[in-house]
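Pasting in a structure now, in structure tokens, and then I'll have a few things to ask.
We number each residue from 1, following the sequence as shown. This one's a predicted model, so the numbers in the text were calculated from it and none came from an experiment.
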Amino acid sequence: MKITFIADTHHYSKTLGTSGKAYELRSGSDQKCLAETGDIIDAAFKQIAESDTEAVFILGDVTNDGEMVSHIEFREKLYELKKSKPVYLITATHDWCCDENPRRFEGDKTYHDVEVMKSADLPAFYQDFGPNDAIDKFITKIGTICYMIQLNDKVRVLCLNDDKNENDHAGYTPDCWEWIEKQIKKAKEDNCVLIGMQHHLLMPHVSPLISGGSVCVEHRKTVSARFANLGLKYMFVGHSHIQATDKFTSQRGNTITEVNVGSLCGYPAPIVNVDINENGTLTYCVDHLKTFNYNGKEIDALPYLADHASALINRIFECRTKEDFEERLSALNLNGKKFGKYWGIVKPILSKLDTMKTYDAYKLLKMLGFAKGVEKEDAKEFKDKPLKEFVDEVWLSALDGAMNPKGRNSTYYRLVLSVASVPSKIKKDSENAKKLIAAADYVLTGGDINNQSATI
């Protein structure tokens, strides 16, 4: 059979504000869209409804920040999709506003008087999208739900909510683990292909520098090994907004493969179609949202979302006043006031980077001794390429899983690696510097598994 996974729809109700300085700062500091989410979801659900998939699974963070109005609007969209396909979802921290910071925007003001959904109310609210069809279920300590879906005689999907373990980090409490183990063992006894889904990552895709720490479940290696040793072979996750596939092998030699599905409302808007094969393997192919209607216009989705994601970085390059610089950094949850103290130094650097050509950056690296392996004649192919455009391409490749991979022998690859190698040459014993090189390689090549289409 064929099933479909999407992730991180982050639906944002337009009633919360879609204009003004406060909204623009918030929207401009995010890789994903805000005001456009409803239209993107409508278009994606229509595209999925018209496909040959037999079931749809949504991997959490269905709303922007747990706003009640966003939940109500999103559920209506789910009911529309359910007219064509069965829909199953899990929720995650954004669906009950775990940071207790709901927001709406008016002019240059941000208000926090927004009604939000409580975690314990989510299972009942979304009972028609998984819980009511479950063959078994478990209520977590914060009232969210894990459940098992039987798709047919030979296929089950284990839908897990990993919002809180016993340490209040992402993961599972001991009693939840007991339930999980029972489900995996029962699926094995019944000779079923079992697919797991949760929101947070088991593995730091691309690099621990990018998607490690709290992006993953707590004690990720222990948790990954536990799943693998129990016999779970497949896990689908969201959260990082990155499209990537990687494997983890436990010390006992058991392997679990994890497919990290990127955000539907941000570049590259992936729709991951999975064929469940007779031999128990999975073959996935990443489709993408094609178009959506916004403000009365049909939008070509990928270029629009790529521009929005790139603007996240470009807006920093384009800062021309200290106030703008501090506001942009603060919107990114950085200490704008602290960095603003260095504006006198930062301003000419940003101005230069904003207009610099990639070839000029190469010459500067060469002069500093950091562009070994890149010949001058080869680098001239980037003579007229703006540095910002080059940076945008690398950033987008990190998000889309190297949809357009670069060969390790290409000048492009060697130029990026020469930049990524700079920290390791300055601080030769730094493990993080070495990880940066590995991350750059993954971003450009896509890693060991094809992130766009593969059999796992």
Flag if over 12 foreign heavy atoms under 6.0 Å of CD, E178: no

Does the side chain of N404 come under 3.5 Å of the side chain of S397 through a donor N or O and an acceptor N or O? no

4.5 Å side-chain heavy-atom contact, S310 and Y267: no

Check this for me: Y342, atom OH, are more than 12 non-hydrogen atoms of other residues, nucleotides or ligands nearer than 6.0 Å? no

Nearest 0.5 angstrom please: T91 OG1 to I142 CD1, how far? 7.5 Å

To the nearest 0.5 Å, what is the distance between CD on E166 and SG on C176? 10.5 Å

Quick one, L59 and H239 - any side-chain contact, counting heavy atoms below 4.5 Å? no

So do the side chains of F248 and D246 get within less than 4.5 Å of each other, counting heavy atoms only? no

Hey, could you give me the CD/CZ distance between Q183 and R156, rounded to the nearest 0.5 Å? 8.0 Å

Quick check: does any side chain N or O of T63 sit under 3.5 Å from a backbone N or O of H71, one acting as donor and the other as acceptor? no

Charged N to carboxylate O under 4.0 angstrom, R104 versus D113? yes

D95 vs T144, side-chain contact (heavy atoms from CB on, under 4.5 Å): CA-CA, chis, key distance, verdict: CA-CA 11 Å; D95 299 318; T144 54; over 6 Å; no

Would you say E36's side chain and C265's backbone share a donor-acceptor pair under 3.5 angstrom? no

For K141, run the side-chain hydrogen bond (donor to acceptor under 3.5 Å, both in side chains) check against N165, D163, D168 and tell me which one passes. D168

We want to know whether H94 and D65 form a side-chain donor-acceptor pair, criterion being a heavy-atom distance below 3.5 angstrom. yes

Does NZ belonging to K2 count more than 12 external heavy atoms closer than 6.0 Å? yes

Could you check whether any side-chain N or O of D121 sits under 3.5 Å from a backbone N or O of M117, counting only pairs where one atom can act as donor and the other as acceptor? no

S70 (side chain) donor-acceptor with S13 (main chain) under 3.5 angstrom: yes

CG/D153: more than 12 non-hydrogen atoms of other groups inside 6.0 Å: no

Before you tell me yes or no, could you show the steps for K186 and D136 under salt bridge (charged side-chain N to carboxylate O under 4.0 Å, His left out), namely the whole-Å CA-CA distance, both residues' side-chain angles and the distance that decides it to 0.1 Å? CA-CA 11 Å; K186 187 69 167 62; D136 206 342; over 6 Å; no

W177 and F227: aromatic ring centres closer than 6.0 Å? yes

Could you tell me whether K82 sits above the aromatic face of F129, with NZ or CZ closer than 6.0 angstrom to the six-membered ring centre and within 45 degrees of the axis? yes

If you define the side chain from C-beta out and look only at heavy atoms, does anything of F292 sit under 4.5 Å from I41? no

If only side-chain N and O atoms count, and only distance matters, is there a donor-acceptor pair under 3.5 Å linking N229 with N254? yes

Geometric class of the Y12/F105 ring pair [parallel <30°, tilted 30-60°, perpendicular >60°]: tilted

Counting only heavy atoms not in D448, do more than 12 sit closer than 6.0 Å to its CG atom? no

Applying salt bridge (charged side-chain N to carboxylate O under 4.0 Å, His left out) as the test, list every pair that has at least one member in residues 279-298; sequence neighbours left out. D287-K290

Examine distances only and state if a side-chain atom of S84 and a backbone atom of A49 form a donor-acceptor pair shorter than 3.5 Å. no

So, the side chain of Q198 versus the backbone of I90: is there a donor-acceptor pair under 3.5 Å, distance only? no

Note: D392-K388 ion pair, threshold 4.0 Å (strictly below): no

Is there a donor-acceptor contact under 3.5 Å from the side chain of N277 to the main chain of N279? no

My understanding is that only one of T93, L264, T9 makes a side chain to side chain contact (heavy atoms under 4.5 Å, CB included) with D61; could you say which? T93

State, to 0.1 Å, how close Y172 and N161 come at their nearest heavy-atom pair, and which atoms those are. CE2-O, 3.5 Å

Would you check if the side chain of R220 reaches a backbone N or O of P204 as a donor-acceptor pair within less than 3.5 Å? no

Looking only at the side chains, is there a donor atom on one of T53 and N273 sitting less than 3.5 Å from an acceptor on the other? no

Nearest-0.5 Å distance, CE of residue M203 to CD of residue E258: 4.5 Å

For E24, the side chain to side chain donor-acceptor pair (under 3.5 Å) test, sequence neighbours excluded, returns none

Apply side-chain contact (heavy atoms from CB on, under 4.5 Å) to the pair L78 and I58, showing each step before the final yes or no. CA-CA 10 Å; L78 290 174; I58 306 176; 3.6 Å; yes

Indicate whether any N or O donor in one side chain lies under 3.5 Å from an N or O acceptor in the other, for N260 and S240. yes

If I take atom OG1 from residue T321 and atom NZ from residue K347, how far apart are they, to the nearest 0.5 angstrom? 8.5 Å

Within a radius of less than 6.0 Å around NZ of K85, do more than 12 heavy atoms belonging to other residues, nucleotides or ligands occur? yes

Would you find a donor on one side and an acceptor on the other, under 3.5 Å apart, between the side chain of W343 and the backbone of E326? no

Could you work out, with side chain to side chain donor-acceptor pair (under 3.5 Å) as the rule, every residue matching Y88, not counting sequence neighbours? none

Can you check whether D324 reaches R328 side chain to side chain, under 4.5 Å on heavy atoms? yes

Could you tell me whether the side chain of S263 and the main chain of D8 form a donor-acceptor pair under 3.5 Å? yes

Interatomic distance, L158 atom CG to C146 atom SG [nearest 0.5 angstrom]: 7.5 Å

